[in-house]
Protein chains: 2
Amino acid sequence: MEEKIRKQYEARAKIAKAMAHPSRLLMLDLLQKQEMCVGELTEQVGADQSTVSKHLAILKEVGLVDVRKAGALSYYRVTCGCLDGFFSCMETVLLSDLKGRQKSLK
Amino acid sequence: MEEKIRKQYEARAKIAKAMAHPSRLLMLDLLQKQEMCVGELTEQVGADQSTVSKHLAILKEVGLVDVRKAGALSYYRVTCGCLDGFFSCMETVLLSDLKGRQKSLK
DNA sequence: TGGCTATATGGCCATATTACCAAGTATCAA
DNA sequence: TTGATACTTGGTAATATGGCCATATAGCCA
């Protein structure tokens with residue numbers, strides 16, 4: 001039964017890991033607002049197209065995004081509506097961390 | 001100004017990266033309920049004590065946890081109250097991903 | 001079919017992570 | 001002071017990640 005719990009944390013960690021890259025966070029942010037194809041994302045991210053494609057594969061692998069193929073185009077979009085919670089929590093951590101550091105400097 | 005935005009995503013990614021490990025997620029989960037010293041955490045995590053100590057350093061570095069030293073003991077605790085949001089969102093993603101996969105199997 | 005566009009994949013290299021052991025620092029207690 | 005306990009840090013080996021280039025693969029249109 002211990003095993004089961006470990007697997008649960010591993011599954012969660014996979015999701016966190018998928019988000020643990022600036023380009024992927026940017027993509028999630030963009031894709032949350034509207035679906036986009038790889039070319040558009042590549043332009044926004046400013047990396048090689050193959051790199052963006054691989055990032056998307058990682059996000060898709062853990063179920064954070066989904067694809068819709070329209071001819072030669074692949075439109076990606078975010079699947080869950082709870083990402084804002086993620087982002088705002090990160091912001092909170094960043095802010096409180098900043099405050100903490102300032103305090104410890106006094 | 002582009003630069004500034006990129007830095008913002010990098011800062012966020014750092015936090016996500018800090019959470020992107022099963023042991024660290026477990027530790028965050030435990031530390032959210034109550035503060036614990038390294039020895040107790042080591043027992044719970046089941047890794048080398050030095051490994052746990054390094055994981056804690058990573059969490060502390062990004063401001064997710066804080067330490068209180070009491071003699072020879074170091075008591076760690078979670079600093080922000082928004083981790084439940086994180087975890088429940090992860091759960092949502094895991095669930096919806098599961099459903100999605102089941103559907104695509106039909 | 002043949003050529004063009006849009007994505008995905010494989011290969012390769014540089015770098016980052018993670019884990020453990022060993023050695024160092026710090027506190028407490030005798 | 002010595003020894004024991006609680007952590008932290010440095011070293012190192014194995015593995016994972018991230019990026020680009022080159023190369024598929026797939027759809028579209030002439």
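No hydrogens, no waters, no symmetry mates; every other heavy atom, side chains included, goes into these values. A note on names: the letters A, B, ... follow the listed sequences, proteins ahead of strands, and every chain is numbered from 1.
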### Query
Expressed in angstrom and rounded to an integer, what is the separation of A:Leu73 atom CG from D:dG27 atom P?
12 Å
### Query
B:Asp48 has an atom CG; how far is it from atom P of D:dT12, in whole Å?
18 Å
### Query
Side-chain N or O of A:Lys17 less than 4.0 angstrom from OP1 or OP2 on D:dT17?
yes
Expected list for residues 58-73 of chain A: side-chain donor-acceptor pairs under 3.5 angstrom, two or more places apart:
residue : atom : partner : partner atom : Å
A:Arg68 : NE   : A:Glu35 : OE1          : 3.4
A:Arg68 : NE   : A:Glu35 : OE2          : 3.3
A:Arg68 : NH2  : A:Glu35 : OE2          : 2.4

### Query
When all nucleic acid strands are considered with a 4.0 Å heavy-atom cut-off, which category describes B:Tyr75: base, sugar-phosphate, or nothing?
nothing
### Query
For A:Arg24 and A:Ala72, take the nucleotide of DNA chain D holding the closest heavy atom to each; which residue's nucleotide lies nearer the 5' end?
A:Arg24
### Query
Rounded to the nearest Å, what distance is computed from the CD atom of residue B:Glu43 to the P atom of nucleotide D:dA6?
11 Å
### Query
Counting only side-chain N and O atoms of B:His55, is one of them less than 4.0 Å from OP1 or OP2 of C:dT17?
no
#### Entry: Length of the CZ-P vector between B:Arg68 and D:dA6, whole Å
16 Å
#### Entry: Protein-nucleotide distance (B:Leu56, atom CG; D:dA6, atom P), rounded to Å
16 Å
### Message
Using only atom types and a distance under 3.5 Å, with no angle test, would you say the side chain of B:Arg12 pairs donor to acceptor with the backbone of A:Met19?
### Response
no
### Task
Verify side-chain contact (heavy atoms from CB on, under 4.5 Å) between B:Leu83 and B:Leu31, making sure each step is shown before the conclusion.
CA-CA 11 Å; B:Leu83 284 187; B:Leu31 293 176; over 6 Å; no
### Query
Charged N to carboxylate O under 4.0 angstrom, A:Glu10 versus A:Arg6?
yes
### Summary
Regarding the side chain of B:His21, the nearest nucleotide among D:dT8, C:dA8, C:dT18 is C:dT18
### Task
Please state whether the phosphate of C:dA6, meaning OP1 or OP2, lies under 4.0 angstrom from any side-chain nitrogen or oxygen of A:Tyr76.
no
### Message
For D:dC21, does the base pair up with any side-chain atom of A:Ser50 as donor and acceptor (N or O, under 3.5 Å, distance only)?
### Response
yes
### Task
Could you check whether A:Ser74 gets within reach of a base, just the sugar-phosphate, or nothing at all, counting any heavy atom under 4.0 Å?
sugar-phosphate
### Task
To the nearest Å, give me how far apart NZ (B:Lys14) and P (D:dT17) are.
20 Å
### Query
In whole Å, what is the span from the CD1 atom of B:Ile58 to the P atom of C:dT17?
8 Å
### Whole-Å distance separating the NZ atom of A:Lys54 from the P atom of C:dC12
12 Å
### Minimum-distance nucleotide (side-chain atoms of B:Ser53 versus C:dA8, D:dG19, D:dC7)
D:dC7
### Query
Taking the inter-plane angle between the rings of A:His21 and A:His55 on a 0 to 90° scale, is it parallel (under 30°), tilted (30 to 60°) or perpendicular (over 60°)?
tilted
### Message
With a cut-off of less than 4.0 Å, is there a side-chain N or O of B:Thr51 near OP1 or OP2 of C:dA19?
### Response
no
